[in-house]
Structure formats: structure tokens, C-alpha cells
2 protein chains.
Amino acid sequence: MSDIYNFSAGPAILPKEVLRQAQEELLDYEGSGISIMESSHRGAEYSAVHEEAQANFRKLLSVSDDYAILFLQGGASHQFAMIPMNFLGKGQIADYTLSGSWAKKAIAEAKNVGQVHLAADTDKDRPTRVPSPDALDLTDDAAYLHLTSNETISGAQWKAFPDSEAPIIADMSSDILSRTLDVSKFSLIYAGAQKNMGPAGVATVVIRKDLAEQGAKDLPSILRYQTHIDGDSLYHTPPCFSIYIVCLVTRWLLTKGGVSAMEKINEEKAGALYSAIDATDFYTGAADRAHRSLMNVTFNLPTPDLEAQFAKEADAAGLKGLKGHRSVGGLRASIYNAFPREGVDALLTFMADFEKKNG
Amino acid sequence: MSDIYNFSAGPAILPKEVLRQAQEELLDYEGSGISIMESSHRGAEYSAVHEEAQANFRKLLSVSDDYAILFLQGGASHQFAMIPMNFLGKGQIADYTLSGSWAKKAIAEAKNVGQVHLAADTDKDRPTRVPSPDALDLTDDAAYLHLTSNETISGAQWKAFPDSEAPIIADMSSDILSRTLDVSKFSLIYAGAQKNMGPAGVATVVIRKDLAEQGAKDLPSILRYQTHIDGDSLYHTPPCFSIYIVCLVTRWLLTKGGVSAMEKINEEKAGALYSAIDATDFYTGAADRAHRSLMNVTFNLPTPDLEAQFAKEADAAGLKGLKGHRSVGGLRASIYNAFPREGVDALLTFMADFEKKNG
């Protein structure tokens, strides 16, 4: 069959090399005679995978020993609940920045637990953008400050992060490992794997050990970060196969030169698309130029009908998943780490052709 | 390589046919050109998998429309927390039966949430057994009655279930789909997939819709059963690949004649092992005869040294994972649905040889 390019926002494309290796060893992992899916989570084979995935991640983002790296179930949505349950005590206020759909979900869940103050609100701004790091309305003695580093739906991304006396907690589900990052600015970073790290079913949590210690003690064990630190993410059976793929993806990233090399490639891929969008009035970027996401390139055509036609014809041409999220419409090209440059070039060609025919 | 038989208690053996199919289509799911791991959870390919897995499960256990079938993350351990958070209100009492290690964990988490009464306690009984269904000390107006249908570690299994005015909730992680079951006796059944259904990373929950409606409303959304019923287990991104394997495993079960055919095979496999154990004084069953598990056959040898030697030599002979859980010692053969009769025969031969040499 001809080439398929998968622009899906998540679950998303994985490196072909990773899938090929997983396929090859699916029935016999490293000569054990069984699949890694069938291996005990306490056995030698899986233990090595678990440790390597953590070590790779630590190396890729130069994470210091002040932090634990956890693999938890429930994705980012589960973190939306765990964070306030652990760290938003009675009488406390948590600062949240409202930058779009995903921030809104995090805020709704925090409000189920305690008191929330909006330190910024750019939700209704068009073109879409995230708050300015130096213009936040911060609460004295806030329990923490929460932000969403990249809004997958709107395609807006924080380019610089705020300073804060309160611990900063960030949902980085859609741009983790896509760019260099000073982890030390954050007390907790979480990310569902299904965009830049692996398949759905696991979230990586990077948490300062001294923050975890301060978490509420009267919660069920599984909802406490300290439980998972104590158990090294083996408090209960982990999602072994998903973590195995994360292990292979992070290994692949290291062979590709790590996060800084990937950032350069991501800037080139996104830059090529934004240049094409800016070169004509037929296409309009949905995000403010200063906040354009390197991961989710969102754009519009002159009419919703043309957008629907674009998505349909692109799909037929093998460019899959370009339809924007149903809540905002338009088009969205999700070009995570694993998305190849050739797919971007194929989209550029398609965009030029489509404009020629319909512009 | 020679045959390997995987007696691991979980994550555990999967049907070879399932693994072969997963391998074959790992890079190109049904001609889509992409992996099922890379498919959007809202797309046609994954949606069909999601629906079929639910439908297969419903068919296998004849689950009526009064129940929802959910695929949730966090395994049984997450259910230990969700159950009391949803259904054990202030001033209420939940009845729990303490039958072994897994029941004990469920009880500990319920105590983190509310008031627990022990309706029975067989934890210290030797040979190990579960409570008698007609000898429970039940609380009037209990919020619910909880039991653990099969204790994976001790190898004791409920053969008949109690009657109760309170809703019955059961952890069936290690014997779900292994025997026929009158689901209508229960209000909630939950099971981590990694023993009889698929890989780690997903739990199946069968819940009466009218019970879910009564769940606490002041919880974070993700912790409410009603949320997942409303979202058809797509409230957040589900663990797609794990559910895909559950879909293949349940499809495989249907082609094998369903749960009643499997029960017959399981009785034969376990029966052969228990007969061999009973035929000699060298081996002793760890569980009371009336409560012997069809899934986890636990037994002892005359000394711990001989048990260690048995596990070591068995492992070298390709019989993997026979060492009993570290908390109880002894030996354990976990022979879930996917475990082949030939593996049982290989163990029988090994047992006879080992006794001849060491008895």
C-alpha cells in the first residue's frame, strides 16, 4: 500500500523502528520464550524494562535525584484528580491558568476538591494563545500553580514558563520530550504517554520527592504519590506493555540525539507548515504567532465547508487525522516526535494543490 | 527452543493464537496502514474493537442490560479505593469477608474511607479456605458485602456464593471467565485483566446501572462509576492496546465454546494436578479440598529446601514461575484459561520424576 501519514492528536504515531522491534519480539522477548506481556512484573525481564524506561527518561530531561519518575495509570485525567487530592488542603487556594480545553478540565476537577483561583484566563482569546508568564495574578501562599504547557486542541504552547514561589505543576501531555526543558522550575510534571511517548494506558509523572512527602495522608493508598514512590511504580501491577513501549521510544530518542536534537527537527517541521500558512491568505493559523505549538499545528480555511473538503480529500490521499477537534473545528496537524519530515512535505504539497484548485 | 510453560500468577500466559494475530497486524491494523496502538480512540478501527470487547464479555457471561461493562485503568487495586469512595457513605457500614491477601488489601483501603465490618475471617485457617457462604455475620443495612472469589496467593476459591440483602461486590481478578457464573447475584464484579483476560493495564468492571447511580456525587469525575458509564469507558483515553488484546482473548474464548467449555477444561487441568498431589504423601495441597482453586494450584513439599530445589529444577526444565508467593512460600501452578493441557502434563511428569529422585 502507499504511504499513510498519521496526524492523529493522540493516540498518535509511534516510531516505525519501535513498532518493528515490538513486533519481532512479541512472542519471544529476548529469548525468554514468552511475550513481555506475559512476563511477571517482578521478574528479571520486565524489571530491566521498567528500570531502563525510568533511566532513559531521567537522562533525556536531565532530571535530578530530587525527583522521582513514576509510571501511573489513568493518564493525565487521573492526575487532574490526584493533584488537588494530594496538595490542595482545606483552607488553601490553588492557582490555575486557564489556557484552553485541557486546562479547563484540570480546573473543573480541582474545584471538585478545593478552592481554585484563576491566575490567568486566555480561553476565549482569538487567535488562541496561552497566558504571559510575567502577567499572572498569583495568590500569596498558593498551594501550587498549575499550567498546561501545550493545548493540544487549540494549538497554543507556552514558550517560557513563569516564576513562582508556589510549586509549579504542569500538564505536559502533548509536548513532553519534544523540547529542552529546565525541570528544576517545576515541582511536578505529568504527561499521558499517548502523544509523544508511547501507547495510551500510562502517564509519566516527574515529582519532587519533598513535594510528594507533603501530600495528604488520609487518602486511599493508590491515590497518594508517596505510595508509588515507595513502591517504585510497582505498588500494584503496572501497565507493563505500555511501559515497555515507552522504554523503546525513549531508547529511540536517545539514539536520535536526545531532546535537543528532536527540538531542532520539531522546529523545522512546524516551521515549514507555519511558513506555508503565512505565505497565503487561503490558510490562517489558529494560534497567535508567539504561542504557536510545535506539536499541534492548527489552521483554518476560508469556510467550514472548505475545511471539511480539505480533511476528506487529505484522508483519501493518505493524510489521516487532520480534522480539527470537534469543539473548535478547523484543521490540525499533530506532528509529534515520531512524525516523519516526509509526512510534513506530503502535507505541504497537498496544501499547495488544494489551494490551487479551490483558492 | 524447547517448550516453555509459563505458570506465572499474573501478568500471565496469553493464548498463542492471540499473540500471533497481534504480532501479524501490529504495524498495519486491518489495512489501515497504522498500528492499533496509533489509532485514535474515537476512530472507526478502535471503536469497533471497544464495542466488540464489551459485546464478547457480555455474551460470555450472559450479562443483562441492567449492567454496564466498563474498561477502567488502575487494575483491581484502583477498585479497592473506588468502591468505598462511591458506595460507603458516612454512617454506613460495609461488610467484607477476609479470605486471604487480596481481601486484606481491599479491606485496608475501605478502612481508609469508612467503616468496615468483618463478616467472616478465614485468613489464618490452614489448610487455607474461604468463608462458608451460609455462615457470614452480616450487618443489617450494610452498604454492600465484598468478597474475593479466588485468592491468587493461597489458592482458595469460593465454590458457591452467599445470599445477601446488601449488594454483593466481588473481586474476580483471578477467576473471571474461568467458570460459569450467575452475574445476577452480584451488583458489581471487577477483575484486573492480567490473569484471565489480557495484559496488565485494564480492569473490567461489570456494574448494575442502578448501583452506579447511587454513587457519591462529590468525587472527582474520574473516580465515579457513573462518569465511565456516561462516557462508555471513553471519558478519557482508554488503554486501547490492552483492550484490543482483551477483545482478541474474549473472541478466542467464544471460538473455544465459551465459559462452560472452558470450565470443563479447567476442572480437568486442575483435577489432574490435585489427583497427583493427593496420590502421594510427598506433595500436600495447601488449600482445603472443598475450596481448592481451579486457577492457582498451591502445594507443599516436605521441606522448604525441597520446595526451593523443585522450583529451581522446574525452571531449568522450562516450567517457569512455579515458586509460591513470597508471603506464603510453597509452590503454585497458575493454570489460567490460556494455559495448555500439555503444560499440566509436563508438570505431572516433572512431579513424578522429582518425587522418585527426592522422595
Side-chain angles (χ1 to χ4, degrees), chain A residues 1 3-4 6 8-14 16 19-20 22-23 26-28 31-35 37-41 43 46 73-78 80-81 84-85 108-109 112-113 192 194 198-202 218-223 235-242 245 318 320-321, chain B residues 1 3-4 6 8-14 16 19-20 22-23 26-28 31-35 37-41 43 46 73-78 80-81 84-85 108-109 112-113 192 194 198-202 218-223 235-242 245 318 320-321:
Chain A
M1 65 183 313
D3 281 345
I4 292 288
N6 179 11
S8 176
I13 188 167
L14 292 164
K16 271 272 183 289
L19 287 173
R20 279 200 203 100
Q23 181 177 47
L26 199 74
L27 271 82
D28 182 9
S32 63
I34 65 173
S35 176
M37 270 189 270
E38 303 173 299
S39 290
S40 167
H41 59 300
Y46 177 71
Q73 293 184 55
S77 296
H78 201 256
F80 295 166
M85 291 178 94
E109 295 309 321
N112 272 328
V113 176
Q194 68 268 23
V202 63
D218 58 349
L219 296 172
S221 309
I222 201 163
L223 298 176
Y235 161 70
H236 62 144
T237 314
C240 304
F241 188 77
S242 295
I245 299 289
K320 304 284 183 184
Chain B
M1 68 184 310
D3 281 346
I4 292 289
N6 179 11
S8 176
I13 189 167
L14 291 163
K16 270 273 184 289
L19 288 173
R20 280 200 201 100
Q23 180 177 49
L26 199 75
L27 272 82
D28 181 9
S32 63
I34 64 174
S35 176
M37 270 189 268
E38 303 174 299
S39 290
S40 167
H41 59 298
Y46 177 71
Q73 293 184 54
S77 296
H78 200 256
F80 295 165
M85 290 178 94
E109 296 309 321
N112 272 326
V113 175
Q194 67 268 23
V202 63
D218 58 348
L219 297 172
S221 308
I222 202 163
L223 299 176
Y235 161 71
H236 61 145
T237 314
C240 303
F241 188 78
S242 295
I245 299 289
K320 304 282 183 185

*Would you mind checking which part of B:Asn6 comes under 4.5 Å of any heavy atom in chain A, side chain (CB onward), backbone (N, CA, C, O), both or neither?*
side chain
_With a 4.5 angstrom heavy-atom cut-off, is it the side chain or the backbone of B:Ile34 that approaches chain A, or both, or neither?_
side chain
*Non-hydrogen atoms of chain A under 4.5 Å away: do they reach the side chain of B:Ala9, the backbone, both or neither?*
neither
_Please identify, among B:Ser40, B:Ser8, B:Ala12, the residue contributing the most non-hydrogen atom pairs under 4.5 Å to chain A._
B:Ala12
*Measure B:Gln23 against the heavy atoms of chain A and call it side chain, backbone, both or neither at under 4.5 Å.*
both
*Between B:Pro199, B:Ala81, B:Ser77, B:Pro84, which has the largest tally of heavy atom pairs under 4.5 Å with chain A?*
B:Ser77
*Region of A:Ala22 that comes under 4.5 Å of a non-hydrogen atom in chain B*: both
_With a 4.5 angstrom heavy-atom cut-off, is it the side chain or the backbone of B:Ile245 that approaches chain A, or both, or neither?_
side chain
_A:Leu26 and A:Phe241, any side-chain heavy atoms less than 4.5 Å apart_ = yes
*With sequence neighbours left out, what residues match A:Gln73 under side-chain contact (heavy atoms from CB on, under 4.5 Å)?*
A:His236, A:Pro239, B:Gln73
_Given heavy-atom pairs under 4.5 angstrom as the criterion, report whether the side chain, backbone, both or neither of B:Pro238 touches chain A._
backbone
*Short question: side chain of B:Glu109, backbone of A:Pro220 - any donor-acceptor pair under 3.5 Å?*
no
*Closest contact, heavy atoms only, B:Leu14 versus A:Glu38*: N-OE2, 2.8 Å
*Can you name the closest pair of heavy atoms from B:Thr237 and A:Ala200 and give their distance?*
CG2-CB, 3.7 Å
_For chain A, the option from B:Gly43, B:Gly201, B:Gly74 that forms the most heavy-atom pairs under 4.5 Å_ = B:Gly74
*With sequence neighbours excluded, tell me which residues meet ring-ring contact (aromatic ring centres under 6.0 Å, His included) with A:Tyr46.*
A:His50
*asked:* Are B:Pro11 and A:His41 packed together at the side-chain level, in the sense that at least one heavy-atom pair is separated by less than 4.5 angstrom?
replied: yes
*Side chain, backbone, both or neither: which part of A:Ser221 has a non-hydrogen atom closer than 4.5 Å to chain B?*
both
_Nearest atoms (heavy-atom pairs only) where A:His78 meets B:Leu223_ = NE2-CD2, 4.1 Å
